[in-house]
There are 2 protein chains.
Amino acid sequence: MPYHHGNLREALLEKATEAIEEDGIGALSLRAVARRAGVSHGAPAHHFSDKTDLLTALATRAMDRFRAALATGVREAGGSEREKLRAMGRAYVRFATEHPALFRIITSSEFIRRDDPEFAASYQSTFDMLKQAVSEAQREGWAQGVDAMALVILSWSTAHGLTTLWLDGALADGVGPFDLEAVAAHVFEVLTAV
Amino acid sequence: MPYHHGNLREALLEKATEAIEEDGIGALSLRAVARRAGVSHGAPAHHFSDKTDLLTALATRAMDRFRAALATGVREAGGSEREKLRAMGRAYVRFATEHPALFRIITSSEFIRRDDPEFAASYQSTFDMLKQAVSEAQREGWAQGVDAMALVILSWSTAHGLTTLWLDGALADGVGPFDLEAVAAHVFEVLTAV
DNA sequence: ATGCTATCTTTCCGATGTCAAGATTGAAGA
DNA sequence: TCTTCAATCTTGACATCGGAAAGATAGCAT
């Protein structure tokens, strides 16, 4: 057990991700992460000024994975531009159900600093993907005459709302249990039908 | 200063609401609430078994206020059933911006027990309002032939997604600053235009 | 080999949620 | 009226947390 860990920063991010996916974001403690990494509780301070700082770095990586997941969904969809947009929505929901804690972090403002340069850049890239997908679907004929920004907001809001309501269990409470992926696909059909 | 407070339970809920609206839900501590109420840190335990228990009781009241706000919005709208539904969406957004912390609590599953009987009942009442509004709008001619449940989920998700994205600052980051109420109204127009 | 700096450990502080034990009160029953 | 008793509140304790400070160690450049 060497005094120097080697690449503690990486290890901490990794262990923190594990801990979060196991016990949820609310239960995460810096000291527990340090324990997982086999290091004293004061060690993380040299790599992250703050608990929020660690989570922000973690969120930046999660956002990269999220964007990659969306891109993969779109790529596998092919077909029309509208179908690509729907595929993006389905990928949005799927990522969130597969990594609920990561999704929570990247969309929340309680645990991270959204104005952190690296996170903001990663976030912008993701948002640009959506803007472009919406723009091309509209060029293809979707929702002619509607303000483009409103369409972006509408698309993003629907996917996001559906996802977060599901994660919080609010939808099942109100409407009864259902297959999220199927309903999500259906909802996105309705949305892009015009 | 009498030994017995009189109605500590009420006072604690009130002070907790104050604290939450001032400093946010994440910063709330039971001991701070006790201090605000002028009582020792152990006192709350006799009225709430848990921090979660207090927050759940608080969320139940907040949910009642939320439902009342939605009802008021609808009542003032009048007009067609579709217009009522749109008014409900606008009231949804407005309540959330006026009481962000309360809104956060009632929609989250991290701070409260959603299966608490009283909360669940209050939540059901609110959800029923939405279901009815959607149902009547559809009977009036909106989105003929679309599955009713999908419409309910679509409406709720859009309002909820727009609201939470706004509260977390995610929309402004991606799209630039804008007037939420105006955009919300526009988005709901698009959604109910079919 | 020597010194320097980043890394890690240890120790300490105030604060939190929860529990247990004791003090106080008001009210019901004798 | 006196007594008992349950509900209410206080006090003290414990483990844990995030964060700061000070000391130990290791690797690297000179």
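Just so you know, these numbers come straight off a predicted model, no measurement behind them. Naming: A, B, ... by sequence-line order, numbering from 1 per chain.
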Scan residues 174-194 of chain A for pairs that pass ring-ring contact (aromatic ring centres under 6.0 Å, His included), counting only residues two or more places apart or in two chains.
A:Trp166-A:Phe178

With sequence neighbours left out, write down each residue that passes side chain to side chain contact (heavy atoms under 4.5 Å, CB included) with B:Asp53, or none if nothing qualifies.
B:Phe48, B:Ser49, B:Asp50, B:Arg113

Restricting to pairs with a member in residues 64-76 of chain B, which pass side chain to side chain donor-acceptor pair (under 3.5 Å), not counting sequence neighbours?
B:Asp64-B:Arg67, B:Asp64-B:Ser122, B:Arg67-B:Ser122, B:Arg67-B:Thr126

Which whole-number value in Å describes the distance from B:Phe48 CZ to D:dC9 P?
11 Å

In whole Å, what is the span from the CG atom of A:Leu8 to the P atom of D:dA26?
16 Å

Nearest-Å distance, CZ (A:Arg9) to P (C:dT7)?
10 Å

Nearest-Å distance, CG (A:Asn7) to P (D:dA26)?
18 Å

In whole Å, what is the span from the NE2 atom of B:His46 to the P atom of C:dT25?
15 Å

Please list, chain by chain and in numerical order, all residues satisfying side chain to side chain contact (heavy atoms under 4.5 Å, CB included) with A:Ala101, sequence neighbours excluded.
A:Ile20

Produce a footprint string for nucleotides 12-18 of chain C: one letter per nucleotide, 5' end first; B if the base is under 4.0 Å from any protein heavy atom, S if only the sugar-phosphate is, - if neither.
B---SBB

Just grab all the salt bridge (charged side-chain N to carboxylate O under 4.0 Å, His left out) pairs involving residues 139-165 of chain A, residues at least two apart or on different chains.
A:Arg82-A:Glu140

Taking the cut-offs as 6.0 angstrom to the six-membered ring centre and 45 degrees off its axis, would you call B:Arg114 and B:Phe119 a cation-pi pair?
no

